[in-house]
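Labels below follow one simple rule: chain letters A, B, ... track the order of the sequence lines, proteins then strands, and each chain is numbered from 1.
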Amino acid sequence: MKEIIENHLASAVETYIKQQNVSINAAPSVEIDHTNDPQHGDFASNIAMILAKPIGLPPREIANGIIQCLSEFPLLDKCEIAGPGFINFFLTKDAYYQIIPEILEQAKDYGKSESGNSKKILLEYVSSNPTGPIHIGHGRGAAYGSVLANLLSTTGHKVTREYYVNDYGRQMDILTISVWLRYLNLQNGHDIPFPQNAYHGQYISDIASAIYNKAKSLPQPEPGELQSIINGHTEEDKKLDEIIELAKNTLKQQYHEVVFTHALDDILAGIKQDLNEFGVGFDRWYSERSLVDKNLISECMDKLESTGDIYEKEGARWFKSTAYGDEKDRVVVRENGLTTYFASDIAYHVDKYNRGFDEIINIWGADHHGYISRVKGALKAFGKDPAKLKILLVQFATLYKGDEKLQMSTRSGDYVTLKQLRDEVGNDATRFFYVMRKAEQHLDFDLELAKSESNANPVYYIQYAHARICSVFKQMTERNLNFDIETGIKSLSLLETESELKLVKAIARYPEVINIAARNLEPHQLSFYLRELANDFHAYYNSCQFLVENDALRQARFCLISATRQVIQNGLGILGVSAPEEM
RNA sequence: GCCCUGGUAGCUCAGUGGAUAGAGCACCCGCCUCCUAAGCGGGGGGUCGUAGGUUCAACUCCUACCCAGGGCACCA
């Protein structure tokens, strides 16, 4: 509809300009917009105001001239000049009611489009370290990414969802010793010293007991060895380094591997299950270790060495990222010979590019923003186009319990897990809450409020609209009436109350909302839309009775609410929120 | 100091350069002999952080400044 009007308007503008006999350098793009106020019609164009200057006439006069040139076409009721020179288009009711049979016929496909042109997109999200369970801080990225994936698929993109598993490096060593030290408690029958910066969560002890139940006699350090390490340093990181050494020397590779693998597998399985239950899925779990095993990191480093992008300083190897727009150079190989996380990230991103995607999207926590320029810099060094990589920063969710701000730290074991949150407020409310506001906005998640007032959450408001429609259908069956779509569609012109018109306009807008939300990568647009749609329905519900005697009118109304139900289902489906039949 | 993100109603937040800046919560007033009141209708409430600039038109774009949160590792 929008395009039809735009085309008519464009040709009218063309005719008008010829009539005026003026030459305009750049032909202005003729566009129309939805209006916010029904008094301004359904669509409005600002073209007259844009032309005012080049033509040299008052906007209202130009608007009038354009309207004279506009050919009539069906479904257009009238157009008016308003305000400073807007041209407002008013559609006939039939123009809107046309959408109802379309929705009923397309059903689940209503709102889908091919605007993505099968573009291949790699979407990486969550990627939290496998050193502990998913907590509330990760939940937002999870919900946001999964809705984004749905939005992009719905609009005709080919999306690959990926989770980057940091199963390599120092953090894994710390995880391993954390488990090992807890294991030693069980072996010795009493608590042994535990460094402050190791992982403190209960799950560490649980993994340790699981290992202990299978193998009770892993090698032990000499008595007092641990204590002397812990007493020997004031710096926490030095303590960890020495314990890591001790663990490797004591357990040897064979048993070290046992503890490590057990810990990683256990935690990763938990993460997968958690996300799965939360409705967050992945097509691929990409292991950082696999980069090492396939020598991709060293290949990348060699390449950078050969192009002279790496130099030595203070015993370490540095990538010259300042040459590619970063504010300082970055270490890729440490003095101790180990590669840094950044080195892995270079290899990972180069591999992403080599896998042939049209667009690569990373969803990162806001604390990672400092990495953007160095990763893009590295890609430039490899001759890759950094514009293909879009990095979306999701601001952290700060958790409050009443007025008290809760800290989120995997190390200290001081956090609320995603599972706890889901158990308390439910999957639907949790998902909806996370994507309710735009990603760049800080999110204050008040646990008390979410728990105590979960009924005030808009998700229930939307679900309630769906449940009400289902309930009405149930009542219809109980009264031995049936839903006759054909009669209903023939009778749509009987729908003429204000609330009906408002509702049909709302459901007609849905495909456009999906497109905008996908294009701007803004799931919250859909949340807001669904709330408005539910409002329009509830208003309708209160102002009109659906189960009326008049068969034609009843069937028409059922067509409208059936279409509405479909749109709510489709929209909630994209958000990953259920559409219950009763509440 | 540098970088990122916010600053819009009492609170939490929407707002593709357009017309009188909008929701929810909270507050006040109405609405169930009728399809679920987890609902509907009405009302009060605003110098859109501040100051300039661009534009026919700025909450929206640009610059500077103020305030808040986050980030600036041979950690991941």
Side-chain angles (χ1 to χ4, degrees), chain A residues 31 33-37 39-40 44 46 48-53 58-59 82-86 88 127-129 131 166 168-172 174 197 237 240 288 313-318 327-328 330-342 344-345 365-373 393-396 398 410 436-444 446 449 453-461 463-465 467-476 478-479 499 516 519-520 522 524-525 527-528 531-532 534-535 537-548 561 582-583:
Chain A
E31 276 175 26
D33 290 310
H34 282 283
T35 57
N36 300 321
D37 186 341
Q39 283 184 6
H40 300 145
N46 60 357
M49 287 175 290
I50 294 172
L51 290 173
K53 206 168 192 183
F86 290 103
N88 292 336
S127 300
S128 69
N129 290 329
T131 52
N166 298 118
Y168 179 77
R170 186 178 145 85
Q171 264 200 150
M172 286 296 104
I174 298 175
N197 281 3
D237 280 348
L240 290 181
E288 183 181 0
K313 192 178 91 184
E314 294 161 7
R317 313 286 305 166
W318 297 67
E327 56 184 12
K328 55 175 110 166
R330 310 289 175 178
V331 171
V332 284
V333 184
R334 282 187 290 242
E335 202 175 352
N336 63 12
L338 297 175
T339 54
T340 59
Y341 174 83
F342 177 46
S344 295
D345 239 5
D367 55 333
H368 281 64
H369 96 266
Y371 292 134
I372 296 177
S373 52
L393 295 180
V394 176
Q395 292 291 326
F396 274 143
T398 317
T410 308
M436 247 174 84
R437 58 203 53 175
K438 52 182 182 187
E440 312 91 78
Q441 184 70 250
H442 295 264
L443 177 62
D444 289 340
D446 188 331
L449 198 75
E453 292 189 71
S454 60
N455 281 1
N457 194 311
V459 70
Y460 295 104
Y461 181 83
Q463 289 179 322
Y464 185 43
R468 269 184 155 176
I469 297 172
C470 293
S471 170
V472 172
F473 267 87
K474 213 174 291 168
Q475 304 252 344
M476 179 190 69
E478 280 167 14
R479 295 186 196 183
S499 53
I516 292 175
R519 193 193 323 133
N520 298 338
E522 291 179 338
H524 75 279
Q525 301 271 6
S527 318
F528 278 90
R531 220 232 153 249
E532 283 165 27
N535 182 24
F537 170 75
H538 287 307
Y540 182 32
Y541 183 94
N542 275 275
S543 71
C544 288
Q545 188 84 8
F546 309 146
L547 281 164
V548 289
I561 63 171
E582 53 185 43
M583 290 174 74

With sugar-phosphate meaning primed atoms plus P, OP1 and OP2, does [X] contact a base, only sugar-phosphate, or nothing at under 4.0 Å between heavy atoms?
X         : value
Glu314(A) : base
Ile516(A) : nothing
Ala467(A) : base

Counterpart residues, ring-ring contact (aromatic ring centres under 6.0 Å, His included), relative to Phe86(A) (two or more places apart): none
Distance, C1' atom - from rC40(B) to rA57(B), rounded to whole angstrom: 38 Å
Partners of [X] by salt bridge (Lys or Arg N to Asp or Glu O under 4.0 Å), sequence neighbours excluded?
X         : result
Glu582(A) : Lys474(A)
Glu335(A) : none
Asp237(A) : Arg170(A)

Between the protein and nucleotides 31-34 of chain B, are there any N/O to N/O pairs under 3.5 Å, and if so, what are the atom names and distances?
{"residue": "rC34(B)", "atom": "O2'", "partner": "Gln545(A)", "partner atom": "NE2", "Å": "3.3"}

Set of residues satisfying side chain to side chain contact (heavy atoms under 4.5 Å, CB included) with respect to [X], sequence neighbours excluded:
X         : value
Ser499(A) : Thr497(A), Tyr540(A), Ser543(A), Cys544(A)
Arg437(A) : Arg140(A), Gln441(A), Leu443(A)
His538(A) : Tyr461(A), Tyr464(A), Ala465(A), Arg468(A), Ala534(A)

Side chain to side chain donor-acceptor pair (under 3.5 Å) against Ser128(A), all qualifying residues, sequence neighbours excluded: Tyr163(A)
All N/O pairs under 3.5 Å across the protein-nucleotides 10-14 of chain B interface:
{"residue": "rU12(B)", "atom": "O2'", "partner": "Arg437(A)", "partner atom": "NH1", "Å": "3.3"}
{"residue": "rU12(B)", "atom": "O2'", "partner": "Arg437(A)", "partner atom": "NH2", "Å": "3.1"}
{"residue": "rC13(B)", "atom": "OP1", "partner": "Arg437(A)", "partner atom": "NH1", "Å": "3.4"}
{"residue": "rC13(B)", "atom": "OP1", "partner": "His442(A)", "partner atom": "O", "Å": "3.4"}
{"residue": "rC13(B)", "atom": "O5'", "partner": "Arg437(A)", "partner atom": "NH1", "Å": "3.1"}
{"residue": "rA14(B)", "atom": "OP1", "partner": "Lys438(A)", "partner atom": "N", "Å": "3.3"}
{"residue": "rA14(B)", "atom": "OP2", "partner": "Gln441(A)", "partner atom": "NE2", "Å": "2.9"}

Rounded interatomic separation in angstrom, taking NE2 from His369(A) and P from rG6(B): 13 Å
Ring-on-base stacking rA19(B) with His40(A) (under 5.5 Å, under 30°): yes
Verify stack between Phe86(A) ring and rG18(B) base, 5.5 Å, 30 degrees: no
Tyr461(A) side-chain N/O to rC25(B) phosphate OP1/OP2 under 4.0 Å: no
Under 4.0 Å protein heavy-atom contact, by nucleotide of nucleotides 54-62 of chain B - B base, S sugar-phosphate only: --S------
Canonical and wobble pairing (Watson-Crick, G-U, under 3.5 Å) of RNA chain B, dot-bracket with |: (((((((..((((....[...)))).(((((.......))))).....(((((..]....))))))))))))....
